[in-house]
Amino acid sequence: MAVEELRTITQRCQALEEDAFKGEDFDLFQSAGQQCLEEGHIAQVLEIIQDEKNKVIVKCMGWNLVGPLVRCIQCYPQKSEKQEACLRILDQMVQLCNPKELLLGLLEQVEDACGEDISPIISLLLQPLQTVLIKLGDKKAYSVGLALSTLVNRISTLPIPYTKDQIQQDPHGLCHCCSSLVTFAKPFVAEVVKRQEYSKELKSELLKFCFSCLKYLLRAQLDQIPDDTEEHPLRFFATEILDFLWLLGEPLSKVFFQHGSTPQASDKEDLSQDDMLYCADSLACLAYLLFVHYIGMDYFPHVFSPSFLLQCNMTHIEMLLKRMEESMLSKGLALFENCLLRVENNSLPHQYLEIKSFLSVPEDLVKVMTLCPVEHLRKKSLKILQLYIDKLDAEGKYKLFRCLLQTSNHAGMEGYIIQNIKNQIDLSLKTGYGSNCFLGPRLIPLLHTVHSLPEGVETDLLQNSDRIMAALNLLRYLIIKDPEYENQTEIWTELTRIERDFLKPLRMGLNMSKAHYEAKIRSTKEDRQESHNNKTICTITAGGKTLPNMTPEMQLQVLQSALFTFDLIESVLARVEELIEVKGKAMTEEQIGSNQDI
């Protein structure tokens, strides 16, 4: 029935001129053709499509059957007779149909694909799409751009493989799609290379494609791929995209030094064409590929100093570290680390800290190491922060320490910075090393910041224990290592103030905190004895935060742990007070001896 209807329609239309076809003819042809395909009359449809008398009909109306035909191809087993017949129908359509109309029909199938159908449909339609675009001749630039953007948008919805097994198995077909996409784009790149003066519009569309691919690659975990894995599909894809940029006349150095537009740019009308092309994500990915994986480095001039390249990359690093996705953070950390490793220790001029990103990036590192839920990223952030500190000159270290002590808002981080200050002081006290930044009057502002309690006696000592312990250890070190008669650090000049503003309030705060927690322990033990039920649920506040519900036994463990922390602080505080007293007595005895000699 459907076959006869299709034959009737085609026979009637054979007698009509091309411009005489009506909308009704298109609808009847599509309806009958779709029904034939769905009922499995593939051979009959192929026969009608191949009939020379129906050539004009297929040219005008055939593209309407693309959707039903693609669905049929997916339904039949691979290499089956009916699937092969469907593929021949598709080939015939590519040869006969109006290229512009067929292009829209093919792209519609790509856009409508979802889930597991994306990779098979893209693999099926890439060759027909390429052929149709080539048939468009010199007027294909816009259509090539439309096809490439549609393909990239669909491919970008596929899950990215991360593990070696996922990459080898390629369960969602992403790696295969990326490799096929490169093959699809090559003829158009070759055309631009051959006819550059005539292909400016096509070049522009291909550049947009390259930068959209770079933006997409920012999501891939390339840092988990060994550098010697040349065959890896995503590495191959990235290499080919950078090769395209070079072939299209875009030197990687020129692209690298562009200033990208941010995703937050609200008014796209205010952005130039270059701004729209060079988006921040694409440029960050280019920097990552160049300086972490050395992909495309053969095209990059080796004339720039490591400090200059670090300065150029700081914008990308800052942008990546502010993102929440693990793949973005890991790339930002890897790019920062690789740039720093090229710089010699103590050589980065402190003037660089006048550039906003050179202070905001370490602040972002602190946020990653204190807030990021991924442990290995937290540890790597700490490692890179220390690497950054090591690269700065003495003045730069001094400025960075002052900044981080004011902005980190994390006792553990502040304690870490204080330890670094101690290391720099130690270096400065050794003859011929170090800098005056960590001696004498320059050191005093740092000591003021370090040896202070944020809220005086009422400071939460438990929450600030890391900072307090580091500050006490620094004070103990200074008293021991810098004799009063030398006073290179001017610690003895500042000791009275430190005792007044730090040691005495700390002693009072410790006594109050210990008394409070000891009373809490007694109360908890009494409540436990009265209830005789260790499973009673209690709540407790520690470090200014309410902890999850716990049994009295658990509550006691937490309270005793807090007391242990106070005991540690008290032991170091007692040692510092003892050293001050001993030094004071020694000074008094020397003064008495001097007076007697007189």
In terms of heavy-atom contacts, does NZ of Lys55 have more than 12 from other residues, nucleotides or ligands at under 6.0 Å? no
Please name all residues satisfying salt bridge (charged side-chain N to carboxylate O under 4.0 Å, His left out) with Glu101, sequence neighbours left out, ordered by chain then number. none
Between Glu191, Glu201, Glu205, which is the residue that forms a side-chain hydrogen bond (donor to acceptor under 3.5 Å, both in side chains) with Lys140? Glu191
Side-chain heavy atoms of Phe188 within contact of Ile134, under 4.5 Å: yes
Does the side chain of Gln92 come within less than 4.5 Å of Leu96's, by heavy atoms? yes
Would you call the rings of Phe336 and Tyr388 parallel, tilted or perpendicular if under 30° counts as parallel and over 60° as perpendicular? tilted
Evaluate ring-ring contact (aromatic ring centres under 6.0 Å, His included) for Phe291 paired with Phe256, printing each intermediate quantity in order. CA-CA 11 Å; Phe291 298 106; Phe256 174 70; 5.2 Å; yes
Shortest non-hydrogen contact between Leu329 and Leu321, atoms and distance: CD2-O, 3.4 Å
Is it true that the side chains of Asp91 and Gln95 contain a donor and an acceptor less than 3.5 Å apart? no
Listed partners of Asp426 passing salt bridge (charged side-chain N to carboxylate O under 4.0 Å, His left out), at least two apart: Lys430
Between Arg154 and Ala113, is there a donor-acceptor pair closer than 3.5 Å when you use the side chain of the first and the backbone of the second? yes
Are more than 12 heavy atoms from other residues, nucleotides or ligands located less than 6.0 Å from atom CD of Gln74? yes
Could you tell me how the ring of Phe257 sits relative to the ring of Phe300: parallel (under 30°), tilted (30 to 60°) or perpendicular (over 60°)? tilted
Can you tell me how far OG of Ser143 sits from NZ of Lys135, rounded to the nearest 0.5 angstrom? 13.5 Å
Minimum heavy-atom separation for Gly62 to Met93, with atom names? O-CE, 3.3 Å
Can you find a side-chain donor-acceptor pair between Tyr416 and Asp466 that sits under 3.5 Å? no
Do the side chain of Gln130 and the main chain of Phe184 share a donor and acceptor less than 3.5 angstrom apart? yes
Salt bridge check, Glu325 against Lys331: does any charged N sit closer than 4.0 Å to a carboxylate O? no
Any luck finding a side-chain donor-acceptor pair between Lys391 and Asn346 under 3.5 Å? no
Lys100, NZ: over 12 other non-hydrogen atoms inside 6.0 angstrom: no
Does any N or O in the side chain of Asn313 come within less than 3.5 Å of the main-chain N or O of Leu309, such that one atom is a donor and the other an acceptor? yes
Residue pair Gln424 / Tyr398, side-chain donor-acceptor N/O under 3.5 Å: no
Taking side chain as C-beta onward, heavy atoms only, is Gln78 less than 4.5 Å from Gln83? yes
Side chains of Ser360 and Glu318: donor-acceptor distance under 3.5 Å anywhere? yes
Could you tell me the separation between the CG atom of Leu289 and the CG atom of Leu218, rounded to the nearest 0.5 Å? 9.0 Å
Quick check: do Leu242 and Leu214 have side-chain heavy atoms less than 4.5 Å from each other? yes
